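Worksheet for the structure shown next.
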Amino acid sequence: MTDAAPGPVAQYTVAVRALCEFTAKAGDLDLRFTPSPTAQEGIAGHGVVTSRRDDDYQREIALTGDFGPLHVRGRADGYDPKRNQLEEIKTFRGELERMPGNHRALHWAQLKVYGHLLCAARGLPSLRLALVYYDIGSQKETHLVEEHGAAALQAYFEEQCGRFLAWAEAELAHRAARDEQLQALRFPHADFRPGQRELAEAMYKASTRSCALLAQAPTGIGKSIGSLFPMLKAAAAHGHDKIFFLAAKTSGRRMALDAVENIKEGAPLLPLRTLELAARNTACEHPDKSCHGDSCPLAKGFYDRLPAARAAAVQQPMLDRAGVRAVALAHDVCPYYLQSELVRWADVIVGDYNYYFDVTAMLYSLTVMNDWRIAILADEAHNMVSRARKMYSAELEHGGLRLLRKTAPAAIKKALDRVHRQWSALEKEQMAEHGGEYRAYEALPEKLVNALQTAATEIGDYMAENPAWFDAEVLDFYFSVLHFARLAENFGEHSVFDVTISTGGKNHGGGTRADSVLCLRNIVPAPFLQPRFAAARTTALFSATLSPWNYYSDTLGMPADTAWVDVASPFQAAQLTVHIAGHISTRYQHRDRSLAPIAQLMGEQYGRQPGNYLAFFSSFDYLDKAADLFQREHPHVTVWRQPRRMGEAEREAFLARFTETGQGIGFAVLGGAFGEGIDLPGARLIGAFIATLGLPQLNPVNERIRERMQAIFGAGYDYTYLYPGLQKVVQAAGRVIRTTSDTGTVHLIDDRFARPEIRALLPAWWHVPAQR
Ligand code: SF4
């Protein structure tokens, strides 16, 4: 949207919808009226309406118009030349009368602007404007029609543009000042750290080539600054509107915000707006209320107070969670929805992956709608495969539905009963024919999916008709079913549908009752992520562990021209002593036998060099057995264990024991809270014992994934077990050496670590001797 085109007069491009949202939105924030539950339903609804029109009906008409430096563009839904009627189609559910007046006003504003653009483009003296509301449930259209002269439409267009002009001019000035400062921006430190320059250059080159980048860059080189700095320089040189810095964890987002502060300390005149995105449950000020003016005071009159809040917010250079909250509360608006508005005006946006990559991701849809030129930085990108799989998977529990049927309103109950019947039939058939607890299906069970879709529709209609009604459990179920239905519409080779049955429950007659979980399980997120990569001008995924790159590139669906850089480690082989305990097997069947030699090995290492160590195991059970034996055999060594259930306080307490002067061994589970993302430099951690290859458990689900990975990529075992496992091992071992002055020891405990194909996956800078 903030499109400063080259040329003598800077031009500001704005989409019709964005223009009208700025100028014509007033009144309460109100999320009760759902236009259409899924995007597909919306698109299908448009398709139904336009297919009902004559052959000469013109669809998706691209229109543009100028007003001073404003360049307004958009696509009108359809024009019927016989009736000289321009149509704006909106899909909805429930009763049209319940649509809030400010929604309707916004629709008219868009249609009138399109009306002017069409009159101007075709020299029409007047035009019929029709708002076409299409009810997805009844498939009926309601037309609201007005006739307007070209002069009146032009006046309306100019009025809207006039209201936006001052803001747009300020944005142009901001953009010019921002880019001028960015061009002159200097690296905030005297010099780059080793490896940091290489990373920064790769980032800048990827932006120059407008391609994606996979960057493996070791810990300790300053990846946050090493990625943000070149992308900020590139923003000015390559015309990026925004940079999205996306991370898997809060700590990654904090580091990005700190990096921005750091860069700005060296550039006090840089007018860079940085926004942190917080989840709704952390940003909401009234968790006991609903997001509409009748319930929440911060939703009441939200759009009336938004202009002042927005104007104040853009004066704040750092809009982290606390910053957004302060502005929001000063203007009595909701902080969560204020942050959504500020996305439009921020230069750097820091948030979780899901804001761009999720099914209904806000940053992605705004990027597409506004045609933003964006650069994406995805930190700790080794998490992307598992995170994206979760985003594109859906689970439904039969137990939850059973409870819901008891409390749901009568109007919904019938639909839930239908789902229950179909679900039970599927369970019965699975039990009878396959006798097994787990079954993966080639195709979706059509009747059950239809029943779920109908239930979602009926819950949606009920909510639309009873806006005051609220039931958290029904609502949860509704959103889960909607998500399931969305994914069901896109079911394909990238996912499996499976049902896991447990037979623990009792039915009313006292017999055994089957309970089950339906899962639409995404295995390869690539088809879902590809459009997201395509919408970005450049995307850089970086992490200390992205090897082998083809695993990430294939499963994530990176574009064919993606560049790859493996930044050399700043660490020397002499800093890390690596041992392979080839005389021990940690395979499941050998675990009991492995405990004594592991305890001995750890005791010997600790005896040689007392200090702080982390010991990683594949499960809590294994961890407990190993810790029990170790404590018995080495009672003088302090030991602490990762608890099975752990809140933030327990996590902090576990880490707090790793002090500069402390000594002892922390027992943890590989792939858990302490296997990555923790920083214990110097004497806080001098060694690690890794008693597992980290391979995911052999079970029916993983075996199904392996089969699918084999069929798609010809690398079933490697893509399912080996690469994800070794990635965790390398991450965990990476806790030991954090700076160029650290030294330490890693014991890789399992005979398989000696195999050449496993050694090839260990970091190149390690010196891995022949097995002990
Ligand atoms: S404060 Fe909470 S309840 Fe109120 S509008 Fe914001 S998110 Fe909704």
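Since this is a predicted model, take the numbers as computed values, not measurements. Order of listing sets the numbers, starting from 1, for every ligand and every atom in it.
Looking at D347 and H174, their side chains do bring a donor and an acceptor atom within 3.5 Å of each other. Counted by atom type alone, H107 and Y133 present one or more donor-acceptor pairs between their side chains at under 3.5 Å. Side-chain contact of E87 with H143: a donor-acceptor pair under 3.5 Å is absent, judged by distance alone.
A salt bridge links E159 with R163; the closest basic N to acidic carboxylate O contact falls under 4.0 Å. At a threshold of 4.0 Å, the pair E141-K90 does not count as salt-bridged, since none of the basic side-chain nitrogens sits closer than that to a carboxylate oxygen.
For atom 3 (S) of ligand 1, the nearest non-hydrogen atom of the protein is H286 O, 3.5 Å. C334 SG, 2.3 Å is the protein heavy atom nearest to atom 6 (Fe) of ligand 1. Summary of contacts: the protein heavy atom closest to atom 1 (S) of ligand 1 is E285 N, 3.5 Å. Ranking the protein heavy atoms by distance from atom 8 (Fe) of ligand 1 puts C291 SG, 2.4 Å first.
When each atom of ligand 1 is checked for a heavy atom of C296 under 4.0 Å away, the hits are 1 (S), 3 (S), 4 (Fe), 5 (S). Against a heavy-atom cut-off of under 4.0 Å, R280 is close to the following atoms of ligand 1: 3 (S), 7 (S), 8 (Fe).
In summary, no N, O or S atom of C284 is located under 2.8 Å from atom 6 (Fe) of ligand 1.
The aromatic ring centroids of F533 and Y356 lie 6.0 Å or more from each other.
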